[in-house]
Amino acid sequence: MIRYPKRDDLRAMAGYHSPQVSVQVRLNTNESPVEPPAEFVQALAAAVSDVRWNRYPDRAARELRTAIGALHGVSPDNVFVANGSNEVLQSVLLAYGGAGRTVATFEPTYQLHSHIARITGATVVSGRRNADFTLDANEVQRVLDAHAPSVTFLCSPNNPTGMAEDPSVIASTIKNAPGIVVVDEAYAQFSPHTALDYVNDESRVAVSRTFSKTWSMAAARLGYVIGPKWMVEDLEIVTLPYHLDALKQIAGCLAVQYHDHMQRGVQEVVSERERLLSAMRAMPLTVWPSQANFILFKPTTVTAKGSTAVGVAGRRIWQALLDGGVLVRDCSSWEGLADCLRVTVGTRGENDAFLAVLRTALTARD
Ligand code: PMP
């Protein structure tokens, strides 16, 4: 059997992987450590028998879009739903990216923005964040002026660096961008502000959200965008028929009934995040501030003779954590993130385990 060549433009690309290693403490993919409420699980189990399994689901997912719209005080016509916010982003990029068009990102940021853009055939142009990972309005303007991107991505809070984008930079980007501005708000509930107020039918703004982080529903794969009506119509063109299965639609409708539970979970995570931050700041680490459910950090490199070379210390700590049964995200090979690791805020017990193994790893010198 001879392998058939893939598209030329995919040749240099690798798939996007976050290792799913079987370990006791998994703090690498920013899920919620909080289980969904038992009543939710029971109601969902009961709903399985109500599904008409021989029939296609509601193609327009009307009930779910109405429930999500009510959550944000917008019409269902301003809501587009898909299988996780990654699929939402893919739909936006299929509709507005693609061959001959340009997509702008500000690195380091969520890798899937540029990855999916390239898969659609778009050219990716990347601006840089400041050394502290904040975003400078002048840098955004430079990229907008130089490339007139069809789609510009902001990520608030930004993954993997942790802070929400400066509201004035969000405002100026929305004001000046010639194309669509996507504000990826996968972690918005952990942070102080949102760009939702910028969305209206005269705007070109799309705010994407997910059920994977705060809603304790990563297994279900559900995400959505709040955007102008014309955009939701455009997104429907690139969406496969019946893409959202019946059970997932029910799960989403049920989940929003447990809004208070979700918010309590967010508060627990935020207070654990603050506890982690102060414990980590007392260690030989550079720790970046966070307004999300994860923390970016790197070991302080030793500069004396025989020191750990840049890019090696981070990987060594990642491995030591793994050997100690704790999986975090290794960002050390990503551009602009030499030596950096990202830990998801877990339960109190998981966080204690992480801190203990980290402490040991940092005292062992290579
Ligand atoms: N956006 C950001 C910034 C993320 O970090 C993630 C998940 N890692 C997603 C989108 C995708 O989430 P999902 O597809 O699970 O909704």
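Keep in mind that what you see is a predicted model, and the values were worked out from it rather than measured. All values below were derived from every heavy atom in this structure, side-chain atoms included, with hydrogens, water molecules and symmetry-related copies excluded. When a ligand or atom number is given, it counts from 1 through the structure's own listing order.
You'll find the side chain of L196 reaches within 4.5 Å of the side chain of I226, heavy atoms only.
The one candidate from N158, N86, T161 that meets the side-chain hydrogen bond (donor to acceptor under 3.5 Å, both in side chains) condition with Y110 is N86. Among V343, V345, L327, the one residue that satisfies the side chain to side chain contact (heavy atoms under 4.5 Å, CB included) test with F354 is V343.
Residues W288 and F133 bring their aromatic ring centres within 6.0 Å.
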Kindly print each ligand 1 N/O atom paired with any protein N/O atom under 3.5 angstrom away, one pair per line, or none if nothing qualifies.
unit_1	atom_1	unit_2	atom_2	d
ligand 1	1 (N)	D184	OD1	3.2
ligand 1	1 (N)	D184	OD2	2.6
ligand 1	5 (O)	N159	ND2	2.7
ligand 1	5 (O)	Y187	OH	2.6
ligand 1	8 (N)	K213	NZ	3.2
ligand 1	12 (O)	S85	OG	3.2
ligand 1	14 (O)	S85	N	3.2
ligand 1	14 (O)	N86	N	3.0
ligand 1	14 (O)	N86	ND2	3.4
ligand 1	14 (O)	R221	NH2	2.8
ligand 1	15 (O)	S212	OG	2.6
ligand 1	15 (O)	R221	NH1	2.7
ligand 1	16 (O)	S85	N	2.6
ligand 1	16 (O)	S85	OG	2.9
ligand 1	16 (O)	T210	OG1	2.5
ligand 1	16 (O)	S212	OG	3.4

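Rounding to the nearest 0.5 angstrom, the gap separating the CG atom in L135 from the CD atom in E107 is 11.0 Å.
Figure legend: cation-pi geometry between R59 and Y242, with NZ or CZ positioned under 6.0 Å from the six-membered ring centre and within 45° of its axis.
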